[in-house]
Amino acid sequence: MSANGGTKAIVAALLANVGIAITKFVAFLLTSSSSMLAESVHSVADSGNQALLLLGGKRAKRAATPEHPFGYGRERYIYAFIVSIVLFSIGGLFALYEAYHKWSHKGGIESWQWVPVVVLVAAIVMESFSFRTAIKESNHVRGNQSWVRFIRRAKAPELPVVLLEDFGALVGLVFALFGVTMTLITGNGEWDAAGTAMIGLLLVAIAIVLALETKSLLLGEGAEASELAAIERAVTDGPEVERIIHMKTLYLGPEELMVAAKIGVPACESAHDLARGINAVEARIRAAVPIARVIYLEPDIYSVAAAEAGTGTAADTAVPQPEAERSGG
């Protein structure tokens, strides 16, 4: 659901931004407003970002290869990280440069004065529809999480990226409308420059947030606490496993979780019984957490004596030797 919803939100944002970018450029050519130029570049950057997200989603669907045995699911994170770089450099830094340039040349808007106001109001309406679509699709997967937690903890990067971009676009349009309106009222181009600077600072801030969150996904995040609890219950909810010795999880992509665990099993009479028990545990894990598609379970005999011999994985998993063997007898 998150993948389909993310694609729908991306397409809606892409169509809106292409149309908005064209109208903003026309308005800039007619008025020479720096706020309109900054917003034009902002919309072009957003359009490119949405194209990158669509490309990343398509490339992530490629089948696993010997060189990449776990597939290409994380490629969606890479393209989301590139989006943050584009937003920072092309959107934010360009707007700050344009604000500095406009501040040095304090000209007002002398011709077609009504155009930027009309374009900005129309852009706010179009961007609102895009933002509404992103909110609607996000609500399908957000559950009862707050918006901040959803953006910070979402494993699929597309919806948080589109949400932040659309939110930034709306706030940026308000900044641009403020700068243009004050310039028209006062005839002082410094207001236009101030609006442009606020747009630049906003885009830089959003880009930094996106970069930090996407960096965490690129480094590798484990399962959420609720998912871990469900996996632990599934592993131990049967006679096949006495306890979990240690377990690690890792998201291989937004919709694929790897589970690796060393499990303490009771003594059994044959390898067939052991394999059947492990298969039953794997089936319970997949039923509890469907995205747990890659599961590695290593059976072991847990020993309290070995656990008390020291700390760390080796001590927790080692099977102590008989006393005669340790003393050389």
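In this structure, the side chains of Phe131 and Leu163 come closer than 4.5 Å at one or more pairs of heavy atoms. Side chains of Thr23 and Val26 form no contact here, defined as non-hydrogen atoms less than 4.5 Å apart. Residues Ile291 and Glu227 are in side-chain contact: their nearest non-hydrogen atoms beyond the backbone lie under 4.5 Å apart. When side chains are defined from C-beta on, Pro157 does not count as touching Thr214, because their heavy atoms never get closer than 4.5 Å. By the 4.5 Å heavy-atom criterion applied to side chains, Asp192 and Val180 are counted as neighbours. Using a 4.5 Å cut-off on side-chain heavy atoms (C-beta onward), Val141 and Phe150 make contact. Taking the side chain as every heavy atom from C-beta outward, Leu53 and Val162 approach each other to under 4.5 Å. Side-chain atoms of Leu217 and Phe81, non-hydrogen and from C-beta on, never get closer than 4.5 Å to each other.
For the residue pair Asn139 and Arg142, a side-chain donor N or O sits within less than 3.5 Å of a side-chain acceptor on the partner. Looking only at atom types and distance, the side chain of Glu221 has no donor-acceptor partner in the side chain of Tyr77 under 3.5 Å away.
Apart from Leu219 itself, the hydrophobic cluster it occupies contains nothing, where clustering links Ile, Leu, Val, Met, Phe, Trp and Tyr at side-chain heavy-atom distances under 4.5 Å.
For the ring-ring contact (aromatic ring centres under 6.0 Å, His included) condition, the pairs that include at least one residue of residues 183-237, sequence neighbours left out, are Phe178-Trp191. Counting only residues at least two apart or in different chains, salt bridge (charged side-chain N to carboxylate O under 4.0 Å, His left out) contacts with residues 125-136 are absent.
Closest approach of Thr186 to Met182, counting heavy atoms only: OG1-O, 2.7 Å. Contact record, Ile20 with Ser43: CG2-OG, 3.5 Å, taken as the closest heavy-atom pair. Here the closest non-hydrogen pair linking Ala13 and Ser130 is CA-OG, 3.1 Å. Looking at every heavy atom in both residues, Leu164 comes nearest to Ile206 through O-CD1, 3.7 Å. What you find for Gly200 and Ala95 is that their closest heavy atoms are CA-CB, 3.5 Å.
How far CZ of Arg149 is from CD1 of Ile151: 13.0 Å, rounded to the nearest 0.5 Å. Between the CD atom of Glu282 and the CG atom of Leu297 there is a distance of 5.0 Å, given to the nearest 0.5 Å.
For Thr133 (side chain) and Phe129 (main-chain N/O), a donor-acceptor pair under 3.5 Å exists by modelled atom type. The closest donor-acceptor contact from the side chain of Thr249 to the backbone of Ala223 lies under 3.5 Å. Here the side chain of Thr196 pairs no donor or acceptor atom with the backbone of Ala99 at under 3.5 angstrom.
Salt bridge status for Arg62 with Glu67: absent, with no side-chain N to carboxylate O gap under 4.0 Å.
Listed by chain and number, the residues in a ring pair (Phe, Tyr, Trp, His ring centres under 6.0 Å) with Tyr72 are His68 (sequence neighbours excluded). Checked against side-chain hydrogen bond (donor to acceptor under 3.5 Å, both in side chains), Glu240 has the following partners two or more places apart in sequence or in another chain: Arg284. Residues satisfying the salt bridge (Lys or Arg N to Asp or Glu O under 4.0 Å) test with Arg59, not counting sequence neighbours, are Glu75.
Under a hydrophobic clustering in which Ile, Leu, Val, Met, Phe, Trp and Tyr are joined whenever their side-chain heavy atoms come within less than 4.5 Å, directly or via other members, Ile82 and Val204 fall into different clusters. Clustering ILVMFWY residues whenever any of their side-chain heavy atoms sit less than 4.5 angstrom apart, transitively, puts Leu210 in the very cluster that holds Ile135. With hydrophobic clusters built from ILVMFWY side chains whose heavy atoms lie under 4.5 angstrom apart, Tyr100 does not share a cluster with Leu93. The hydrophobic clustering, which links ILVMFWY residues whose side-chain heavy atoms are closer than 4.5 Å, places Met258 and Leu228 apart. In the hydrophobic clustering of ILVMFWY residues, with side-chain heavy atoms under 4.5 Å counting as a link, Phe70 and Ile285 come out apart.
In this pair, Tyr97 and Phe94 present their aromatic rings tilted. The plane angle is within the 30 to 60° band.
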Does the pair Leu173 and Lys24 meet the rule for a side chain to side chain contact (heavy atoms under 4.5 Å, CB included), with working shown? CA-CA 11 Å; Leu173 287 167; Lys24 286 177 181 176; 3.6 Å; yes

Intermediate values then yes/no, salt bridge (charged side-chain N to carboxylate O under 4.0 Å, His left out), Arg76 and Glu256: CA-CA 12 Å; Arg76 287 165 69 177; Glu256 188 173 24; over 6 Å; no

